[in-house]
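A short worksheet on the structure shown next.
Remember, it's 1-based here, ligands and their atoms both numbered in the order they're listed. The figures that follow rest on heavy atoms only: side chains count, while hydrogens, waters and symmetry mates do not.
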Amino acid sequence: MFKLKNLSIKQKLILISFSTTFVVLLIGIIGNIIQGAVLFRKSAVRNLTIHSRIIGYNSAAALAFNDRESAGQILSALKANQNIVNAVIYTKEGEVFATFNRDGKEAFSTPKPQWRGYRFAINHLEALEDIVLDGEPIGAIYVRAELNELYNMMTWFAIVVGIVAAGAFFLAFVILTKLQKTITTPIRNLTEATRIIARGDYSHKVNIQSNDEIKELADSFNKMTEDIRRYQAEKEKILKDMHDGIGGITTNIKLLSELAQKGSSIKDMKNALKTISGLSQEGLTEIRGFIQSLDIKDTTWQDMAAELRSFGSNMIESHGLMFNMKGLIGDAGDQPNSLLYLNLFRTYKEALTNIIKHSKAKSVDVLFSVNKEKIILSVKDDGVGLKEKEKSAGRGLTNMIMRARELGGQLTILSDKGTNITLEIFLPVKS
Ligand SMILES: Nc1ncnc2c1ncn2[C@@H]1O[C@H](COP(=O)(O)OP(=O)(O)O)[C@@H](O)[C@H]1O
Ligand SMILES: [Mg+2]
């Protein structure tokens, strides 16, 4: 069954415009024809009364002198007007004085002159008026005209109006098919783009040339897909990271436990177990970090600072060192994203572990500063310091440098007089 809502927007637009145009034109045509009919009738009446008056005026003398022959001659002048078929001159008493019958027309019975004015019948118009002499009615004149010509004129008029209306309708059609494209084309582009994006291509952009609500819709849409694309990229990176990190740890545990099974001395086995235990601990921390980083939707920079503080003081103070942290959280705009969060924490953890393992320091100073331009995480100790070649000796520091680079930042390792270390990470918020 036909349902309006099932039509495409293009079809709806065409239907709406056409029905509106049609109604407007129809009203126009009907109005025109009515007006035309009224005008034609008026002119027909005027025409007939003019004739009847002229004849009446001319025949007054003939009537006064009872000259029937002259009256007949005057009436026969009506031959010149093709529409007039009959005419009668009556005496004052209402008797027929003279008549006119157009040749070839059917026999006509003279009407009784008991009314005045004009009357319309289906196919003729008749007028009956007094013949006046010196202000006194001395008789009456009756004239009857056929309406064929009137009907012909009206038919022609209707045909012309109809042709003009059809032309207007056609013109409206041409204009409409051009104009509807300015609405339907952007909508079609948008629909096509959503199809492509729904298939999973989040890099696709909707391109709208117009400057209206559809453009606004397309802009929001583009922003949405951009967000999804970024989120996906972030997710993929984290997954890859997880595979490399936890995957690596698990592989190590597997190899070590296989070696330990083959080993003969208890000492070797104990050593292997100790390493395995360390690796498992590392794996657990990694997993916790992942879970945390995936669940940071509502985490603010303030929350992050608080977490860095509690994590750092727990770890450092349990080894008998002093811990001090300063947080400078300005207006950073965005919230921390998962990837940034995860890598910042890893770097932090590794720096603190190194201090405990290698530095022989007494106190640790941490600075966490966030503003629109950068994030700074500085971890400083007052220990033995590290030499240039040690920077690339292990995986810990190299990993830190790599991660910082991946996040679009940099890692600076300063070691003054071999007694303290400053690790700073400069990260733009929008990595
Ligand atoms: N805070 C520190 N104080 C002194 N030496 C350090 C410090 N951090 C790192 N180092 C030195 O740099 C080396 C490389 O560190 P890293 O890359 O983390 O490897 P790992 O910790 O596995 O030895 C360490 O072996 C250590 O000698
Ligand atoms: Mg290390």
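- More than 12 non-hydrogen atoms from other residues, nucleotides or ligands lie less than 6.0 angstrom from NZ of K349.
- Distances from the Mg ion (ligand 2) to each N, O or S atom of E350 single out OE2 as the nearest.
- Residue R395 touches ligand 1 through its backbone alone, judged by heavy-atom distances below 4.0 Å.
- Judged by distance alone, the side chain of N81 and the main-chain N or O of N83 form a donor-acceptor pair under 3.5 Å.
- The residue among K360, K357, H358 with a heavy atom at the shortest distance from atom 24 (C) of ligand 1 is H358.
- Other residues, nucleotides and ligands contribute only 12 or fewer heavy atoms inside 6.0 Å of the CH2 atom of W156.
- For ligand 1, the polar-atom distance check against E390 finds a nitrogen or oxygen pair separated by under 3.5 Å.
- By the 6.0 Å contact criterion, CG on L328 is enclosed, its count of non-hydrogen atoms from other residues, nucleotides or ligands being greater than 12.
- Salt bridge absent: E226 and K223 never bring a charged side-chain N and a carboxylate O closer than 4.0 Å.
- At a 3.5 angstrom cut-off on N or O pairs, G396 counts as close to ligand 1.
- Of the residues listed (T353, N343, L308), the one engaging Y348 in a side-chain contact (heavy atoms from CB on, under 4.5 Å) is L308, and it is the only one.
- Annotation for ligand 1: atoms under 4.0 Å from non-hydrogen atoms of G385 are 4 (C), 5 (N).
- Of the listed options V364, L352, N354, N354 places a heavy atom closest to atom 8 (N) of ligand 1.
- Taking any N or O of D381, backbone or side chain, at least one lies under 3.5 Å from an N or O belonging to ligand 1.
- When distances to the Mg ion (ligand 2) are checked against a cut-off of 2.8 Å, N354 contributes an N, O or S atom below that limit.
- Below 3.5 Å of separation, one finds no N or O of L386 facing any N or O of ligand 1.
- Of the possible donor and acceptor atoms, one in the side chain of K391 sits under 3.5 Å from a partner among the backbone N and O of I413.
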